[in-house]
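Sequence positions, counted from 1, serve as the residue numbers for this chain. Both counts, for ligands and for their atoms, begin at 1 and track the order of listing.
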Amino acid sequence: MSHKGAAMIVSGRLWRAESSDFAQGWLAVEQGRIAASGWGEAGEPAAISPSGLIAPGFVDVHSHGGAGAAFTEGARAARTVLDAHRRQGTTTMSASLVSADLDEIVAQVEALAPLVASGELAGVHLEGPWISPQRKGAHDLGKLAAPTPAAVDRVLALAPGLVRMVTIAPELDCAEQAIRRLSAAGIVVALGHTAADYACFRSGFDTGASGVTHLFNAMPDLGKRDPGPVLAAWRDPRAWLELVFDGHHVDARLAAFCCEQFPERMVLITDAMAAAGMGDGDYTLGGLPVRVSGGVARLTSDGAIAGSTITLADALANAVANGIPLGTAVRLASANPAAYLGLGDVGRLTAGAKADLVELDESGRVLNPDLARTARS
Ligand SMILES: [Zn+2]
């Protein structure tokens, strides 16, 4: 098979969605999009044929920052974050904001609106303030609130597509109605930062929630007589399961077990804060002081884990190092998060998708974060 025209041909071992593995194939890239694709050898000379494996660019649905900057700091800072993650193969991100007064959150969201309009950002994720004081993690206790109808009204009044995801603790006052209204408006509702029991968590999915904010973290542990949110999430095929695979948030063996058991629903996230891509030192998260030591970010006040310092490339390599096949890990870092957010043109290597092409070695390390751009320049 061949594809004629002005397209640039990329040939090599391509990630295959159907079987989560790699096979010889080709892509015709035209104006930043995949115009055609096929398996086997290309019928015409390839402009680029890398020796490594070709995967779709990574999709990070939960991240706060990187390179010393955070999404709460406006469009300029957001571009710094995006560039830092893009250099490690993450080509699609949504911007996670932590709990704050609603006026402040609305201002932060509107400051990012130009980047959502331009396609640089896939949208904004409100991780707070509608979360449990008992499971606040690194959020500011004084900023937490219930998702009252008036508060939900304000979020729904923002331009459609701007807020792409919200996190809600399903046990809060007004949560049921909020989940119903937000999900009906096309906003992804993730359950998390919660003290809910099994039944309450389960009812959140019945009401319209479709994901879990960092499974295991900021929620009750799985107990043999009180299995809580973790088992409710495992058992519910409607639930996408976010996981921070950094070896600190969740034991790496437990993280690997989840990836083995639920490859169709696991979503690798970074929950990265400003220190991602930087060294140890002092930072802030949503205005709260954070110290990063040995790559682990903790609030200086109470020692709570305050996001991670990894990129999705690190998460992918950690999964592979813990026994997850590379093709499966690629799914968890690209196709699954794209489906979770409802993004149709990323997380795949077929016609119509963006030509976000990442070259990996066999251990999942990024050799080239943007093959198509390399070929253009
Ligand atoms: Zn977060």
Tell me whether the rings of His193 and His214 are parallel (<30°), tilted (30 to 60°) or perpendicular (>60°). perpendicular
Under 2.8 Å from the Zn ion (ligand 1), can any N, O or S atom of His62 be found? yes
Ser203 side chain to Asp206 backbone, donor-acceptor under 3.5 Å: no
Of Asp356, Leu349, Val10, which meets side-chain contact (heavy atoms from CB on, under 4.5 Å) against Ile34? Leu349
Gln24, CD atom: more than 12 neighbouring heavy atoms under 6.0 Å: yes
Taking the N/O/S atoms of His64 one by one, which is nearest to the Zn ion (ligand 1)? NE2
Which atom name does Asp271 have for its N/O/S atom nearest to the Zn ion (ligand 1)? OD1
Please give the atom name: the N, O or S atom of Glu127 nearest to the Zn ion (ligand 1). OE1
